[in-house]
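What follows is one structure encoded as structure tokens, with my remarks underneath.
All figures in this text were calculated on a predicted structure; none of them were measured in a lab. Here is how names work: the chains are called A, B, and so on, in the same order as the sequence lines, proteins then strands, and each is numbered from 1.
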Number of protein chains: 2
Amino acid sequence: MAVTIRDVARASGVHVSTVSRTFSAPHLVNAETRTRVLAVAEGLGYRPNRAARALTTGRTHNLGLIVADIANPFFPPLIKAAQAQARERDYHVFVADTDEDPLLEQELIETLCKQVDGVLLCSPRLSNRVIERLRAQVPFVVVNRRLKGLTTVLMDVGQGAGVAVEHVAGLGHRRMALLTGPQSSWTSEEMLAAATLAARERDIELVVMGPNEPTEQGGLAAARAVAASGVTAVLCYNDLVALGLIEGLRERGVDVPGDVSVIGVDDSLPGRLNRPKLTTITMPTAAAGRMAVDLLLAAVNAGDAGTPTLARLETHLVVRESTAAPARDGGRSILTPT
Amino acid sequence: MAVTIRDVARASGVHVSTVSRTFSAPHLVNAETRTRVLAVAEGLGYRPNRAARALTTGRTHNLGLIVADIANPFFPPLIKAAQAQARERDYHVFVADTDEDPLLEQELIETLCKQVDGVLLCSPRLSNRVIERLRAQVPFVVVNRRLKGLTTVLMDVGQGAGVAVEHVAGLGHRRMALLTGPQSSWTSEEMLAAATLAARERDIELVVMGPNEPTEQGGLAAARAVAASGVTAVLCYNDLVALGLIEGLRERGVDVPGDVSVIGVDDSLPGRLNRPKLTTITMPTAAAGRMAVDLLLAAVNAGDAGTPTLARLETHLVVRESTAAPARDGGRSILTPT
DNA sequence: TTGAAAGCGCTAACAC
DNA sequence: GTGTTAGCGCTTTCAA
């Protein structure tokens, strides 16, 4: 068995409670005793058992982080940041992947909640009703979904989508497509609402296509419809869809940005590395991760009684190489015979 | 407070131990009683507290997963697979990022080890000495580093590197570079050894350059030296370095694969999406993650007494678009007479 | 400032 | 089959 508080007590000739205090309330113990106990503990290689501590304090010092798909490049920076921030606050974090499955998500939360002080839900697919029930068990913070009554961190993709439409309009395009994401995605809805509004204002015809899988496959599959639609610009649900679309378009002889301009969302690594470099809407995922952890910890320490807050993080359009003015003859120059 | 075993006992008119048994040893309890207890538990929304259980059983049903950098596209598929496999076995997993810092890595292991039954170390940067000491505390399984006496899952990048050199040689190249990774990287050392051997066999001059940061920046920074070196092919530590190198080469007017062939390692998403599509050595990360979890669980259940095993997973060269025969005038290669 | 004792939620002998 | 009891490692009153 590992070395416990009792071993340290025996070896340093004090009672267990004194050892306990040296670690959890050092100011309550005589400086001399404390240094001695500390030295003995160090020598024995003692490490407090957080789980045992949690049993009496009710604080596990663990957090749960639940995401739809770890392998989606949108999440790793968020996970990394959240985890780093948590560690800074002396918290460990469980990471779980739901594979976009609401049932699994629920099961995960329920089994996890006894072991954590709070749960970070990233782009949850759960129904409002279930969330409503679960929130009684454990404090939540939600990322990228609007849920009234819950503390939420939103990346304001709507704002970015509006700017993207402006950008496209400014370039001279008149017809553009929006490739939406999964049905239950808040981000997708926000984009749709904002893009619709901005398009109306700039007198742009907006063709909505979706839902699409939020992957390169989704973009690839949409290429035919996009090419046939005659739009000269496309705003995609995320970078992967955009990258897949560009690939699919290229296979059909449609050049990006020569014939069609393409915009993604996320500012992910693949997009930055791609050729042409992807024009995209940055998502401040790392900042969101850090902020979500801090809000969650605040809720935990307030006994979950604190008023739910809503944090809105700005997004920005990063113009790179996948957008350009439309071809003068109205697009589709490649297919135009002389 | 949440509902405990005691609440269930009271509500169903049995003793706590009976409730405990219904969950941890159902066969020991009368079928009738069992269904009644289960029903009551269900109604009350009872969920066993795993941490409390761990206190008596010594089994936390948690695993630790420690990686150098979550945001490095090499890791997410591994994390996802490991986490999924663990869940299948009814285990939760802590994920922690060391930021490539050995001290942090050690600290993480030490604070985590009381809360987990075992730790998965992915590409650890820790010194052998420290690992030797830590392994007494908690069972380890190591991924991608050779550590005698420890159960290890290796992705045989050496094999892939050998095939890569053959591929390059077959294309007609005579001088190639190897961009190595971080000093402490086992993968990098393996590549170096295998590439050196293969190059000698095929009578290829191998220029070793490094260490390089394992990122696009690292590749970008190496472009100057590569361009100046006069090699016509480069094997890179990973896809990111390869992608950065391609970018840096392009900035200097060096075409890939026209002037220089480039090979990466990982078969990561950005590489698959890149233009030209990256020729790369696949790393079976998902399989490694699953296997590592199973080996770890086996060690845990064997009381860590089981003999350390060594699993070697095959890698493959995937030839895509970033490699080609060298330009005839550019190399003293194919046409060099005897 | 320190010790004694109770108890967190649960399991595991051991009795009955 | 089920109840009794002790105890996992730790914190936290309450006394001293």
Side-chain angles (χ1 to χ4, degrees), chain A residues 1-38 40-41 44-62 90 110-117 137-138, chain B residues 1-38 40-41 44-62 90 110-117 137-138:
Chain A
M1 224 42 196
V3 24
T4 81
I5 207 177
R6 217 176 317 264
D7 301 320
V8 178
R10 199 175 309 123
S12 48
V14 296
H15 197 266
V16 288
S17 47
T18 303
V19 179
S20 171
R21 276 189 284 259
T22 8
F23 286 97
S24 42
H27 59 281
L28 288 182
V29 49
N30 181 295
E32 232 174 90
T33 325
R34 191 192 330 154
T35 48
R36 183 158 44 91
V37 170
L38 250 22
V40 171
L44 259 42
Y46 168 75
R47 285 276 171 174
N49 182 328
R50 287 160 163 249
R53 176 180 290 175
L55 214 47
T56 49
T57 60
R59 286 269 178 285
T60 62
H61 266 244
N62 291 150
D90 197 26
E110 287 180 343
T111 58
L112 224 39
C113 70
K114 285 286 181 36
Q115 289 194 88
V116 301
D117 295 338
Q137 320 260 338
V138 61
Chain B
M1 224 41 193
V3 26
T4 81
I5 206 176
R6 214 171 326 256
D7 300 320
V8 178
R10 199 174 311 125
S12 48
V14 295
H15 198 267
V16 288
S17 51
T18 304
V19 180
S20 171
R21 277 188 285 258
T22 24
F23 286 97
S24 42
H27 59 281
L28 289 182
V29 49
N30 181 294
E32 232 173 274
T33 326
R34 192 193 325 155
T35 47
R36 184 158 42 92
V37 170
L38 250 21
V40 171
L44 260 42
Y46 168 76
R47 285 277 170 173
N49 182 329
R50 285 160 164 250
R53 176 181 290 175
L55 213 48
T56 49
T57 59
R59 285 269 179 287
T60 63
H61 266 246
N62 291 151
D90 198 26
E110 287 180 344
T111 58
L112 224 38
C113 71
K114 285 283 180 38
Q115 288 195 87
V116 301
D117 295 338
Q137 320 259 340
V138 61

Distance in angstrom units between Leu55(B) CG and dG7(C) P, rounded: 17 Å

Minimum-distance pair of heavy atoms, taken over all atoms of Tyr46(A) and Ile5(A): CE1-N, 3.5 Å

Value in whole Å for how far the C1' atom of dT11(C) lies from CZ of Arg50(B): 15 Å

Between dG9(C) (C1') and Arg10(B) (CZ): distance, integer Å: 13 Å

For Arg50(A), all residues meeting salt bridge (Lys or Arg N to Asp or Glu O under 4.0 Å), sequence neighbours excluded: Asp90(A)

Residue Ser24(B), side-chain heavy atoms: nucleotide from dT11(C), dT11(D), dC10(C) that is nearest: dT11(C)

Sugar-phosphate only, base, or nothing, as touched by Phe23(B) at under 4.0 Å among non-hydrogen atoms: nothing

For atom OH of Tyr46(B) and atom P of dG9(C), their distance in whole Å: 10 Å

Stretch residues 14-21 of chain B: residues that reach within less than 4.0 Å of DNA chain D through a heavy atom: Val14(B), His15(B), Ser17(B), Thr18(B), Arg21(B)

Nearest non-hydrogen partners of Gln115(A) and Thr111(A), listed with the distance: NE2-O, 4.4 Å

Interatomic distance where NZ belongs to Lys114(A) and P belongs to dC8(C) [whole Å]: 15 Å

Donor-acceptor contact below 3.5 Å, side chain Ser20(B) vs main chain Val16(B): no

Value in whole Å for how far the P atom of dG9(D) lies from CG of Leu44(A): 14 Å

Helical bend (five base pairs per end, nearest 10°) for the helix from dT1(C)-dA16(D) to dC16(C)-dG1(D): 40°

Residues that Thr60(B) engages under side-chain hydrogen bond (donor to acceptor under 3.5 Å, both in side chains), provided they are two or more places apart: Asp117(B)

Side-chain N or O of Arg53(B) closer than 4.0 Å to phosphate OP1/OP2 of dT11(C): yes

Interatomic distance, Gln137(A) atom CD to Arg47(B) atom CZ [nearest 0.5 angstrom]: 8.5 Å

Separation of dG7(D) P from Ile5(A) CD1 (nearest whole Å): 18 Å

Spacing between Arg59(B) atom CZ and dA12(C) atom P, to the nearest angstrom: 11 Å

Near-strand residues of residues 25-33 of chain B, defined as heavy-atom separation under 4.0 angstrom from DNA chain D: Leu28(B), Val29(B), Asn30(B), Thr33(B)

Stepwise side chain to side chain contact (heavy atoms under 4.5 Å, CB included) test for Asn49(A) and Thr4(A): CA-CA 8 Å; Asn49(A) 182 328; Thr4(A) 81; over 6 Å; no

Atom of Pro48(B), atom of Arg53(B) and distance for their closest heavy-atom approach: CB-NH2, 3.6 Å

Heavy-atom pair of closest approach, residues Ser12(B) and Val40(B): CB-CG2, 3.6 Å

Atom of Ala9(A), atom of His15(A) and distance for their closest heavy-atom approach: CB-C, 3.9 Å

Closest approach of Lys114(A) to Ala2(B) (non-hydrogen atoms, all atoms of both residues): CE-CB, 3.5 Å

With sequence neighbours excluded, residues passing side chain to side chain contact (heavy atoms under 4.5 Å, CB included) with Thr33(A): Val14(A), Thr18(A), Val29(A), Asn30(A), Arg36(A), Val37(A)

Short side-chain N/O contact from Arg6(A) to OP1 or OP2 of dC8(D), under 4.0 Å: yes

